[in-house]
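These notes are about the structure you will find just below.
Treat the numbers as computed from the prediction; the structure is a model and nothing was measured.
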Amino acid sequence: MTASLALGTHRLREVATAARRAAACPETAWVDTAPNYLAGRAHRLLAPVLTDHPELQVSTKVGFPAPGAAAAVAAGALPPEAAERGHSLAARYVRWQVERNRAALGRGCLDTVFLHNPERTGDPSALSIVLREAFAALEEAAAAGHLSTYGIATWSGFTEGLITVKQLDRLATEAAGSPDHRLCAVQLPVSLVEADALELALDGRGPISEAAERGWQVFASAPLHGGELVRAATEDLAALLRPGLSVAQACLLAAASCPGVTKVLLSASAPAHWEAARAALDQAAIPPRTLRKVCDVLAPHHPS
């Protein structure tokens with residue numbers, strides 16, 4: 001089964017137009033954002049689209065202040081040193097930013113809230129405590145009807161061994177006082193460049209497989225590695241993945257074919273790029289044996 005397409009807003013031009021395009025199709029009606037995206041403008045640009053399209057689901061994040069953290073500091077939610085560092089997952093700040101996100105997006109209940117890049121927290125020895133307390137704050141918000149689910153959005157947390165799905169599940173259980181917690185999503189890079197998670201998933205191992213076993217949503221971020229993959233890949237590689245697709249389409253389908261991935265986030269402003277991506281993900285998944293073959297070919301070119 002192929003993952004569905006969702007709109008990512010990191011460095012996205014024409015956010016509102018792209019979000020309306022995503023909302024037009026039930027299969028793509030999800031937008032992922034963060035308060036610090038587009039120099040702090042992403043939420044403001046998305047708010048009217050979310051009002052006009054209640055069917056459009058939204059995930060956002062907590063952790064990085066939007067440019068200018070003075071309001072959080074003034075409210076006592078963010079210590080000056082954390083504002084200077086530009087990142088915090090302290091429970092007080094998590095609560096404050098959830099409320100700011102709800103107000104900025106005009107949504108009383110956010111579909112998913114991700115803790116953003118826990119690898120930036122600082123002291124790895126304190127990370128479990130920080131995450132447990134942040135999860136408790138998010139459980140409180142869920143109980144109040146302010147969010148439906150929450151998760152972790154990371155770039156390197158899994159690959160660096162700082163977090164595991166088993167650990168996250170345990171910490172959320174402790175925070176909720178029950179296995180029936182609201183942690184049920186992870187977001188991580190999945191591509192033919194950032195292929196570690198993909199290769200592990202093909203063998204039924206690693207964070208994607210462990211999340212899928214628990215029924216969690218798995219969001220694949222940076223499926224084209226910021227466009228670098230399209231420039232680096234060849235037509236021969238695309239033909240190996242799926243004959244008839246462009247390089248970009250074939251690489252997107254590879255990420256969407258990763259077992260356990262449920263959504264692929266694409267920042268596409270141009271209508272033609274979005275429609276091409278939709279067409280690619282409408283195809284049958286690339287077989288695991290083909291993905292293994294491609295990963296073997298590319299193995300010397302990506303980090304172990």
Side-chain angles (χ1 to χ4, degrees), residues 3 6 8-11 30 32-37 59-65 82 85-91 93-94 97-98 101 110 112-135 137-138 147 149-172 175 181-191 193-201 205-214 216-226 255 258 260-267 302-304:
T9 58
H10 185 53
R11 298 179 181 174
W30 190 292
D32 179 76
T33 188
N36 60 314
Y37 285 1
S59 52
T60 187
K61 304 175 180 74
V62 294
F64 290 100
R85 189 171 67 246
H87 185 270
S88 175
L89 293 179
Y93 185 60
V94 168
Q97 203 166 36
V98 166
N101 290 350
L110 302 167
T112 301
V113 173
F114 289 107
L115 296 182
H116 203 174
N117 287 16
E119 59 268 28
R120 291 285 299 272
T121 299
D123 181 3
S125 66
L127 184 56
S128 288
I129 296 172
V130 171
L131 290 177
R132 186 188 300 109
E133 293 177 353
F135 289 168
L138 292 170
L147 60 91
T149 64
Y150 63 91
I152 292 285
T154 181
W155 183 259
S156 62
F158 290 118
T159 55
E160 291 181 18
L162 296 175
I163 53 174
T164 66
V165 167
K166 182 178 180 180
Q167 171 201 26
L168 297 175
D169 196 0
R170 174 178 58 80
L171 293 173
H181 53 71
R182 303 295 185 95
L183 168 63
C184 58
V186 293
Q187 184 180 136
L188 70 163
V190 181
S191 73
V193 174
E194 293 285 339
D196 289 346
L198 169 58
E199 292 183 78
L200 287 170
R205 300 183 294 125
I208 296 175
S209 292
E210 292 169 5
E213 287 170 2
R214 290 164 168 78
W216 295 4
Q217 291 252 48
V218 178
F219 293 69
S221 62
L224 300 179
H225 202 64
C258 177
V261 169
T262 55
K263 284 183 169 50
V264 173
L265 297 173
L266 181 67
S267 298
H302 67 77
S304 62

Is the Tyr37 ring parallel, tilted or perpendicular to the His10 ring (thresholds 30°, 60°)?
tilted
Using a 4.5 Å cut-off on heavy atoms from C-beta on, say whether the side chain of [Y] contacts that of [X].
X: Leu89; Y: Leu127; answer: no
X: Leu138; Y: Arg182; answer: no
X: His116; Y: Asn36; answer: yes
X: Leu162; Y: Thr154; answer: no
X: Leu188; Y: Ile152; answer: no

Could you tell me which non-hydrogen atom of [X] sits nearest to which non-hydrogen atom of [Y], and how far apart they are?
X: Lys166; Y: Arg214; answer: CA-NH2, 3.8 Å
X: Ile208; Y: Val261; answer: CG2-N, 4.0 Å
X: Leu171; Y: Arg132; answer: CD2-NH2, 3.6 Å

Practice prompt. Examine the side chains of Ser221 and Gln187 and answer whether a donor and an acceptor come within less than 3.5 Å of each other.
Written response: no
* Asked: Of all residues at least two apart in sequence or in a different chain, which pass the side-chain hydrogen bond (donor to acceptor under 3.5 Å, both in side chains) check with Glu133?
  ->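 By the side-chain hydrogen bond (donor to acceptor under 3.5 Å, both in side chains) rule, Glu133 matches no residue at all.
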Of all residues at least two apart in sequence or in a different chain, which pass the side-chain hydrogen bond (donor to acceptor under 3.5 Å, both in side chains) check with Thr112?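 For Thr112, the residues satisfying side-chain hydrogen bond (donor to acceptor under 3.5 Å, both in side chains) (neighbours in sequence not counted) are Thr149.
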Problem set entry | Partner set under ring-ring contact (aromatic ring centres under 6.0 Å, His included) for Phe219, not counting sequence neighbours |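 Phe219 satisfies ring-ring contact (aromatic ring centres under 6.0 Å, His included) with Trp30, Phe114 once adjacent residues are dropped.
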| message | Could you walk me through whether Gln167 and Ser128 satisfy the side-chain hydrogen bond (donor to acceptor under 3.5 Å, both in side chains) test, starting with their C-alpha distance in whole Å, then the side-chain angles of each, then the deciding distance to 0.1 Å, before giving a yes or no? | response | CA-CA 8 Å; Gln167 171 201 26; Ser128 288; 2.9 Å; yes
